[in-house]
> 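What follows is a single structure, and I will ask about it in a moment.
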Amino acid sequence: MEETYKVYVEVGVIFERDGRIVPKWLKMGDVRYDIERILDCRRAASMKAGGCGLRYTIRCRGQNAYLFFEDTEPGAWFVESRQAVPAG
Amino acid sequence: MRTILHSDANCFYASVEMLHHPECRNLPMAVGGDPETRHGIILTANYIAKRSGVRTGAALWEAREACPGLVILPPDYDQYLRFSGYLREIYGNYTDRVEAFGLDECWLDVSESCGIKGEGEKIAKEINERVRKELGLTVSVGVSWNKIFAKFGSDYRKPDAVTCVSRENYRRIVWERPVSELLYVGRATSAKLRKLGINTIGELAETDPDFLYAYFGKMGSTLSIFANGEDRTPVSLIGDQVPVKSVGNGMTMPYDLKTDEEVRVSCYMLSESVARRLRENGFAGDVIELYVRDSELHGLTRRHRIDVPTNISFEIAEEAFRLFRENYRWKKPIRGLCVRVSNLTAEKRPYQLSLFRSETVRKKQLIMDQTVEKIRRRFGDDAIRRGLMAFGPRITPRKRQEQVIHPLSYFQKGNLSGA
């Protein structure tokens, strides 16, 4: 079975006036991915990565993926990745 | 007739840790205190560890003996509080009558929501599924017409289950159980009941309530009501605060205390935290209580009413230490201490001045306390300490949030069976 890792990523977000947090891009390693659309946002756990938070379903380079916002104090963003430390 | 749910997060601390540490999910694991500072007991364990005999309350070494290869993780209360909040958010989607019983258990009264959200069992199943999907935890939910039977329902099947206790099946699910499993029947009461030939809850339920009252007093009537499913205690509203009856802080010392000086320092440490919490909630109290636990774990409690209600750390500490000096005959070194202030009143309430205390001095002490608090808030707890603390054990009192963890008494708000 393939291993999934919890990888924290750098995310650029916009805080809308009504308080919504909209992620605009994320960076894994040295690669920056622009988020084309946000399809969904709901609280969900990631058993694969090992965490829980607000799960954004994002469209990125034509593919759908999950981006999690772990709303601890302070918060952090993570993804489920097949590589522990993504290659550049 | 009401519809009451009781939701119990399975192996709560362990489950939260297993969510964040997938590598532990298939290993025996437990959450336990820190053996370095001798707070080393098991708080909870996952099912794999439980099957090997690891029990809540066991010492860490005992647990390791019962289960070699046991993984023990330290507790992360911030995390547990966070998840407890998430659980309550989910419950709050179904009703505003959500009453917590500790961090991991809640009662819900969904009687008025059934019309919109569906029958009790349907709501219970939805909650069960949402907790799994949204939080990665599992809950056991009991559904019944009263709080006591609903709790039996959640205890009946673990983990991850919904159990309805209905008029059709309560005899099987509740009445067949031994009396010791009924809420508020402890070791002493169940021994007394066994002597009377009452071994199961059903037998208790069928015992004449007048007889139980004669034998056990008010508690006897209460137990009869509980056993018959007649408890009418309401489920509190979600925002309800239980009135605070006392504020205390206790600690197990990192090493056994052997001198008066060490005890005095510890009294000050504990009193500072108690004083701060009293002020935060706007209280002052005039009964100071000290609890001492020696190295053989024997406890001693002494309390005294002072002349003027206080929330000043100096006054609390000095009184606590005085109680210690007058009552403890240093037969054994000391393992733990607890300082508590009760008989609380609002701090702004006018009080009779004492002939023996200078109000000017008291005001100065209060200002000093408040200033120290301000400094600590800005620069951290370690930024400033009393000089005498240099001569005592280097202990770090628990952070603020960790001090309000334990489940409150069922009867806390004066609701005695509601009958």
Side-chain angles (χ1 to χ4, degrees), chain A residues 1-11 13 15-16 18-23 26 28-29 35 38-59 64-87, chain B residues 9-27 29 31 46-48 71 73 75-94 103-104 126-139 159-160 377 380 399-402:
Chain A
M1 202 177 66
E2 246 182 52
E3 277 266 21
T4 313
Y5 298 93
K6 183 183 198 183
V7 177
Y8 286 95
V9 294
E10 201 179 300
V11 175
V13 309
F15 283 79
E16 299 279 2
D18 59 7
R20 267 183 310 140
I21 298 174
V22 183
L26 70 104
M28 255 171 55
I35 294 171
I38 295 180
L39 301 163
D40 186 51
C41 173
R42 62 179 68 188
R43 182 168 295 287
S46 166
M47 298 308 287
K48 282 191 244 169
C52 112
L54 295 169
R55 186 186 71 189
Y56 289 78
T57 308
I58 58 173
R59 194 161 187 84
N64 286 358
Y66 288 144
L67 173 63
F68 290 82
F69 178 56
E70 197 166 52
D71 49 345
T72 46
E73 197 94 21
W77 295 81
F78 70 86
V79 295
E80 297 164 332
S81 167
R82 267 175 246 139
Q83 294 160 299
V85 179
Chain B
N10 307 123
C11 308
F12 185 50
Y13 296 177
S15 300
V16 172
E17 297 299 341
M18 286 197 294
L19 166 68
H20 293 98
H21 303 281
E23 63 277 11
C24 289
R25 287 176 201 163
N26 294 317
L27 298 172
M29 72 83 72
V31 176
N46 69 1
Y47 288 107
I48 305 174
V71 176
L73 296 175
D76 182 352
Y77 292 106
D78 287 341
Q79 192 88 273
Y80 309 146
L81 281 165
R82 193 179 134 230
F83 275 81
S84 191
Y86 292 154
L87 281 166
R88 275 173 231 181
E89 256 174 51
I90 294 181
Y91 302 151
N93 284 161
Y94 297 91
L103 282 191
D104 56 347
E126 215 176 283
I127 287 177
N128 170 279
E129 202 181 309
R130 280 186 63 184
V131 169
R132 208 175 342 108
K133 284 213 183 106
E134 293 178 26
L135 306 179
L137 305 176
T138 60
V139 286
D160 197 15
R377 244 202 315 266
K399 284 191 290 189
R400 178 76 188 80
Q401 299 93 297
E402 291 174 13

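Note: hydrogens, waters and symmetry copies are ignored here, and every other heavy atom, side chains too, is used. A note on names: the letters A, B, ... follow the listed sequences, proteins ahead of strands, and every chain is numbered from 1. This is a predicted model, so every value here is computed, not measured.
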> How long is the span from the NZ atom in B:K133 to the CE atom in A:M47, to the nearest 0.5 Å?
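One finds 13.5 Å between NZ of B:K133 and CE of A:M47.
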> Taking every heavy-atom pair that is under 4.5 Å apart, which of B:R25, B:E89, B:H21 has the most such pairs with chain A?
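Counting heavy-atom pairs under 4.5 Å, the top option is B:R25.
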> For the residue pair B:P22 and A:G50, what are the closest heavy atoms and their distance?
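Closest heavy-atom pair between B:P22 and A:G50: CG-CA, 4.0 Å.
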> Non-hydrogen atoms of chain A under 4.5 Å away: do they reach the side chain of B:Q79, the backbone, both or neither?
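Contact with chain A: side chain only.
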> For A:Y66, does the OH atom have more than 12 heavy-atom neighbours from other residues, nucleotides or ligands under 6.0 Å away?
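Open: at most 12 neighbouring heavy atoms sit under 6.0 Å from OH of A:Y66.
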> Please report the shortest heavy-atom distance between A:D71 and B:R82, naming the atom on each side.
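The answer is O-NE, 3.7 Å.
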> Do A:R43 and B:R130 come close enough that some side-chain heavy atom pair is under 4.5 Å?
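With C-beta onward as the side chain, the pair stays apart.
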> Verify the neighbour count for atom CZ of A:R82: are there more than 12 heavy atoms of other residues, nucleotides or ligands below 6.0 Å?
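Not more than 12 within 6.0 Å, no.
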> With chain B as the partner, which of A:A49, A:G53, A:S46, A:C52 has the greatest number of non-hydrogen pairs under 4.5 Å?
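Most heavy-atom pairs under 4.5 Å with chain B: A:C52.
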